[in-house]
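A quick write-up on the structure given underneath.
Source: prediction; values computed, not measured. Within every chain, numbering begins at 1; the chains are lettered A, B, ... in the order of the sequence lines, protein sequences first and strands thereafter.
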Amino acid sequence: MKIILFAYSLLFLSTPTDLVNGDGYKIGDVATDFSLLNVDGEMVSLADFEDAKGFILIFTCNTCPYSVAYEDRIIALDKAYKSKGYPVIAINPNDPAAIDGDDLADMKVRATEKGFNFPYLQDVGQQVYPQYGATKTPHVFVLQKEGNNNIVRYIGSIDDSSRKPNKVKKRYVEQAVDALLAGKSPSTTTTKAIGCSIKTL
Amino acid sequence: MKPNRLLPILLFAIYSFAQTTEVASFDYQQLQPLLHQNSESVQVVNFWATWCAPCIKELPYFEELNKLEGVEVLLVSLDFPKHKQKRLIPFVEKQKLQSKVVHLDDENENYWINEISTTWSGALPATLIYSQNRRGFYEQSFTKSELFKEVKSYF
């Protein structure tokens with residue numbers, strides 16, 4: 001019976017509707033730059049960070065419990081890697097008209113409460129996240145600078161234990177950035193984790 | 001019957017009454033057979049959480065589906081384990097959910113998300129629909145008519 005079920009599951013592996021992963025960046029693609037409003041009122045672009053070697057770009061928000069569960073780990077990532085050339089850039093992809101608690105004023109409050117030392121940008125008009133192919137919060141893209149281009153090197157989750165920070169075994173983003181800093185390719189380039197759908201009207 | 005023999009029975013009755021709603025917590029290995037049932041009914045598996053607004057919005061549609069003959073609905077909660085007693089079970093009680101509810105408590109998301117569907121990025125809500133000869137995965141919210149139309153296409 002088990003064999004039948006296994007064969008059955010194999011048979012249907014390729015058939016489900018592929019709405020999710022069809023668009024957006026794949027590893028090795030050139031990521032677009034943007035100019036988005038930060039919680040401090042300034043516009044921020046990747047090009048502003050002349051000394052950066054790359055970026056830990058994280059689509060996240062105020063309202064998703066999975067995002068909130070990762071806030072301290074996002075702060076720690078920025079603290080550890082900004083000085084090494086990989087600052088965190090957080091972008092809130094949610095349309096504030098579609099969900100309470102994710103407008104710029106709310107983002108300012110949260111950034112202040114938690115002491116975010118990194119840009120927390122609003123994806124005004126929801127123009128940026130679809131280009132990256134972000135589908136949820138949190139959703140991480142590690143970019144590496146090559147000349148004027150930012151190359152996508154890692155897509156996925158921060159680590160392997162969203163709901164229990166004390167059970168983390170694999171720190172995917174750290175491993176990816178450490179590899180890039182050492183001049184190597186990350187051994188794990190894509191991972192998945194549960195998150196909240198991006199809220200649009 | 002003497003009072004000292006009645007007391008345990010009474011306590012048990014109170015205890016049973018207070019514990020009417022039980023939600024099993026499963027790891028993926030325990031959940032997996034429920035995603036591959038060899039049943040004549042169309043199986044609808046909705047991945048949700050009490051904090052997920054679009055999930056809560058569409059939950060009544062799944063409850064209505066569950067009443068249909070030939071359809072079985074399973075609601076797989078991805079609430080935080082620490083919120084199972086405080087939020088999930090009170091929610092199930094308050095909403096009087098009739099569909100089967102289980103709580104998926106398994107950290108290895110990077111493994112089981114792909115096992116459930118390679119097309120699932122991990123966003124909630126998400127729904128698996130399958131019959132004996134067809135299987136589909138939907139990382140989206142449904143309107144009532146969309147959901148019923150989709151499920152009926154499996155008959």
Side-chain angles (χ1 to χ4, degrees), chain A residues 1-2 4-22 24 59 63-69 94 98-101 133-139 155-157 159-170 172 188 190-200, chain B residues 25 32-38 47-55 57-58 76-84 87 103-141 150 153:
Chain A
M1 190 60 194
K2 270 187 179 167
I4 295 167
L5 281 177
F6 179 64
Y8 179 81
S9 61
L10 277 183
L11 186 61
F12 291 98
L13 263 180
S14 57
T15 51
T17 46
D18 196 353
L19 297 170
V20 178
N21 299 329
F59 292 92
T63 51
C64 173
Y66 279 81
S67 290
V68 173
N94 288 343
I99 184 162
D100 283 339
T135 58
K136 61 191 165 142
T137 54
H139 203 160
I155 303 173
S157 60
D159 58 41
D160 66 348
S161 183
S162 59
R163 290 182 286 183
K164 293 177 186 165
N166 56 342
K167 293 277 174 72
V168 173
K169 291 195 199 84
K170 292 176 186 160
Y172 299 124
T188 301
T190 52
T191 58
K192 288 187 178 180
I194 295 296
C196 304
S197 60
I198 291 170
K199 305 299 185 290
T200 55
Chain B
S25 283
Q32 202 262 0
L34 300 181
L35 311 183
H36 296 273
Q37 299 190 79
N38 189 9
F47 297 89
W48 69 293
T50 58
W51 45 259
C52 164
C55 303
K57 192 177 172 193
E58 65 182 11
V76 179
S77 157
L78 285 156
D79 277 274
F80 285 55
K82 63 183 176 187
H83 294 154
K84 182 182 167 185
R87 296 189 192 172
H103 178 232
L104 178 54
D105 182 4
D106 190 323
E107 282 309 306
N108 201 358
E109 292 167 17
N110 190 40
Y111 167 71
W112 54 255
I113 290 170
N114 277 326
E115 287 289 306
I116 291 168
S117 173
T118 52
T119 65
W120 188 13
S121 82
L124 298 180
T127 301
L128 167 71
I129 305 174
Y130 69 97
S131 62
Q132 283 174 331
N133 54 19
R134 198 178 145 206
R135 206 169 172 88
F137 195 84
Y138 306 83
E139 179 172 315
Q140 64 173 82
S141 302
E150 200 58 41
S153 75

Between A:Y66 and chain B, which part of the residue has a heavy atom less than 4.5 Å away: side chain, backbone, both or neither? both
Interchain contact, A:S162 with chain B, by part (heavy-atom threshold 4.5 Å):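 Both the backbone and the side chain of A:S162 come within 4.5 Å of chain B.
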Could you tell me whether the side chain of B:E139 reaches within less than 4.5 Å of the side chain of A:T135, counting heavy atoms only?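 When only atoms from C-beta onward are counted, B:E139 and A:T135 do touch, with a gap below 4.5 Å.
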So A:K199 and B:P54, do their side chains get closer than 4.5 Å, heavy atoms only?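 Side chain of B:P54 against side chain of A:K199, heavy atoms only: contact under 4.5 Å found.
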Flag for B:E109-A:S157: side-chain donor and acceptor within less than 3.5 Å: no
Highest number of heavy-atom pairs under 4.5 Å with chain B among A:C64, A:S161, A:C196, A:P65 belongs to A:P65
So which heavy atom on [X] is nearest to which on [Y], and how close?
X: B:I113; Y: A:I194; value: CD1-N, 3.6 Å
X: B:P125; Y: A:S197; value: CD-OG, 4.0 Å
X: A:K192; Y: B:S117; value: NZ-O, 4.0 Å
X: A:T191; Y: B:N110; value: CA-OD1, 3.2 Å
X: A:A69; Y: B:F80; value: CB-CE2, 3.7 Å
X: B:L78; Y: A:R163; value: O-NH1, 3.3 Å

Is the number of heavy atoms from other residues, nucleotides or ligands under 6.0 Å of B:N108 CG greater than 12?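 More than 12 heavy atoms, drawn from other residues, nucleotides or ligands, come within 6.0 Å of this atom.
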Per-residue tally against chain A (heavy atom, under 4.5 Å) across B:W112, B:Y111, B:W51 peaks at B:W51
Which of B:S141, B:C55, B:A123, B:P33 touches chain A most, by non-hydrogen pairs under 4.5 Å: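 So the answer, after comparing B:S141, B:C55, B:A123, B:P33, is B:A123.
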Can a salt bridge be assigned to the pair B:D105 and A:K164 using a cut-off of 4.0 Å between side-chain N and carboxylate O? yes
